[in-house]
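Since the structure comes first, as structure tokens, the remarks are kept for the end.
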Amino acid sequence: GTGGGGGDDGGDGCAGGAGDDCRHSDGHTATQTIVAATRWAAELMFDDLLNWNTWWFTQRRESPLGLLSWGSNPYLYAPDGTPTSQQGIGSSAGVSESGLDNGPSVGNLPFNQTGLYVQNHYDPGLTGMFLMDCLSLAEVADHLGRTEAAAELKARFAVVNKRMLSTLWNATTSTFQGRLSADLTPVPHTTPLNFYPLMAGPRHGGPTPDQAAAVVVNQLTNTTRFSIWPTGQAPTEHPPPPRDARPLVQWYSHKCGPYPCPQSPHALCARRQCNLNQSYGNLVQREHSKLRYEGAAITTLALPGTEAAHWQTHTMKPLFSYTCKNGSAPLDYVIAPGNWTPVPAPGVSCLVTDAQPELYVYPKRLGPSANDLVPLELWHKPGDHYNVASNAGKQDAVALGYRFVMELGFVWPAPGSSNATSWYGLPSVSKEDEFYVWQDYWRGRVWGPMLQFVYWGLEQYTNSSDVVANATAGLVEQSRGLLLRNWLGHDRTQDDGSSDSFEGTGGYVYENYGADTGEGYSYSSSAAPLYHWGALPGFIGLQHAGFY
């Protein structure tokens, strides 16, 4: 503003925001005034923050290149008081230091048992966070007149940044790839950690705008990988399914050994309760494992708004879950139409498991996603029925000797397919990864801190690349939808007509979220319902709008 006195701007003409050209009556900019008002806090904390940066620089850099790596130092006594010099070290302890628990990109790495006690690994995530820390503290040091500290922080940044660019960038995959320090062997599993080096930014000699654009095009907006929208609106070429659509999860029993093995029946689940039954078995030992996603479908016709109108226009076909028994043989789970009759076989009886449909399908290719819909099919061989919709499922059925029985209707393509648009972006592991389908904690779910760090990286390139700017807007909009789905609430109807716990009631920000459903609590993983960083999916939108 440029007004005179009065009003909320206190006479300074700075109502509605304060930029560098918004000056107060004493000639200082609003930014300078804020810095002056909070200088005491920066002075109070700066030395502790500098010491923390120094600790990482001296204690968590892996030789010989000096890039950052997670670790864990030994301590003298175990919690029970037993003396041991080995307690607390090892690769698993390094994973604990990272906080990534079951994250696939940090587990099972070699560990240096002497010296600095770090994983023998150049970690792109920790390296990117350290580079951001150096730049942020150097800026604070400049404001405080701490010239020597600012110079040291900038020097640390320069050393690590140079090695990061020359060692971690993989032009083939468009990622900053973790590597083993012994021979630079690439570490498998692509996760958001591979994009944290973007936080070094272009202004200080970090990754180039071309590298940032390559990350966006080949990884972030790729629907088979991280599924961020390429613009601030959902793509129309391949419309996403309804928000309440659920993935069709293919399970198999592993009681007889690794897949495939004889007498290993398949079970396709859509509803939460069906997945819970497969996931937890007898609540003592899990007896089933996820094999793949076959597609996505709705499990209720009671959908909100315009989606409800669509289902009223088109007749959806209900499919039911059946259980077939044959003496002491493993149970055979089937999804089929109502009043379905199985292929006659001696001793085999099939009964409907639940009067409520397991899912609904289109009778033919209809609706806004007509061109993307895929047929859900029923295959069979003695002892097992196999419901498949994905190309991988159909190929597996042929290879294992199943015979095609019938087409059941049409469903949306499986999450992670090239034509499957997701409502939510940036899962904790690429959708191409074998662990994505697990949707178990750091294996596939969406985490607020990862959204924040990747946003901090992308936003530094929004002025130099339209591709990056548009994808950043897409990430912001998807993250906003993720937060509001749980804050405003959603359908809570469960298989028995009641509801489970607090899921869907609204008013919660979760520790993490399902990448396919946006649910905080679901069959695959539990998440704390009130968690500080659970609000970050909305907070990055405030930052993007200039409020922070």
Side-chain angles (χ1 to χ4, degrees), residues 95-96 98-103 191-192 227 242-247 249 269-280 283 286 290 296 298-300 302-304 415 422-429 435-455 475-543 548:
V95 173
S96 297
S98 76
L100 293 170
D101 302 305
N102 67 341
T191 77
S227 293
R243 285 187 184 271
D244 285 309
R246 308 186 68 82
V249 184
C269 292
R271 292 184 297 162
R272 185 181 292 117
Q273 190 60 44
C274 176
N275 281 295
L276 277 171
N277 290 340
Q278 305 302 323
S279 179
Y280 292 100
L283 302 181
R286 296 187 180 188
K290 292 180 181 179
I298 56 173
T299 60
T300 175
L303 298 178
S422 175
W423 283 108
Y424 315 108
L426 203 72
S428 52
V429 68
F435 289 120
Y436 176 77
V437 71
W438 288 31
Q439 286 297 298
D440 183 13
Y441 223 52
W442 294 99
R443 295 184 174 186
R445 288 171 69 84
V446 177
W447 290 76
M450 288 181 161
L451 294 173
Q452 178 65 85
F453 285 129
V454 171
Y455 172 80
L475 177 63
V476 167
E477 184 60 26
Q478 286 176 292
S479 301
R480 172 180 174 274
L482 180 67
L483 178 77
L484 292 181
R485 176 165 173 79
N486 292 277
W487 184 255
L488 298 178
H490 55 84
D491 175 48
R492 303 179 66 217
T493 303
Q494 302 303 304
D495 304 330
D496 59 359
S498 63
S499 61
D500 64 349
S501 185
F502 34 75
E503 175 59 41
T505 60
Y508 289 98
V509 288
Y510 285 89
E511 178 188 10
N512 54 75
Y513 302 88
D516 303 305
T517 65
E519 294 170 344
Y521 177 84
S522 66
Y523 63 84
S524 293
S525 182
S526 60
L530 287 173
Y531 211 87
H532 57 324
W533 68 37
L536 287 175
F539 185 54
I540 63 172
L542 296 178
Q543 297 168 69
Y548 180 83

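With rounding to the nearest 0.5 angstrom, the CG atom of Leu542 is 11.0 Å from the OH atom of Tyr548. Atom CH2 in Trp423 sits 10.0 Å away from atom CZ in Arg485 (nearest 0.5 Å). Between the OG atom of Ser428 and the CH2 atom of Trp438 there is a distance of 12.5 Å, given to the nearest 0.5 Å. Atom CG of Leu482 and atom CG of Leu536 lie 11.0 Å apart (nearest 0.5 Å). Here the CG-OG distance, from Leu475 to Ser227, works out to 12.0 Å after rounding to the nearest 0.5 Å. Atom-to-atom distance recorded for Leu426:CG and Gln452:CD is 11.5 Å, nearest 0.5 angstrom.
In this structure, Trp487 has its ring center at least 6.0 angstrom away from the ring center of Tyr510.
Residues Tyr513 and Pro537 come closest through the heavy atom pair CE1-CG, 4.1 Å. Nearest heavy-atom pair, Asp516 versus Pro415, reported as atom, atom and distance to 0.1 Å: OD1-CB, 3.3 Å. Residues Asn102 and Asp440 approach most closely at ND2-O, 3.0 Å, considering heavy atoms. Considering all non-hydrogen atoms of both residues, Ala515 and Gly444 come closest at CB-O, 3.3 Å. Summarising the geometry of Thr517 relative to Pro247, their closest heavy-atom pair is CG2-CD, 3.9 Å, with the distance given to 0.1 Å. Across Ala527 and Gly520, no two heavy atoms sit closer than the pair CB-O, 3.3 Å.
Judged by distance alone, with hydrogens and angles left aside, the side-chain atoms of Asn486 form a donor-acceptor pair with the main-chain N or O of Gly518 at under 3.5 Å. Proximity of a side-chain donor or acceptor of Arg480 to a complementary backbone N or O of Ile540 within less than 3.5 Å is not detected. Checked by atom type and distance alone, the side chain of Arg271 never pairs as donor or acceptor with a backbone atom of Thr299 at under 3.5 Å.
In this structure, Trp447 and Tyr441 have perpendicular ring planes: the angle between them is above 60°, well past the 30° mark. Ring planes of Tyr531 and Trp533: tilted class, angle from 30 to 60°.
Side-chain atoms of Tyr455 and Ser479, non-hydrogen and from C-beta on, never get closer than 4.5 Å to each other.
None of Val509, Leu451, Leu488 except one satisfies the side chain to side chain contact (heavy atoms under 4.5 Å, CB included) rule with Leu483; the exception is Val509.
Under the 4.0 Å criterion applied to side-chain N and carboxylate O atoms, Arg246 and Glu519 are assigned as salt-bridge partners.
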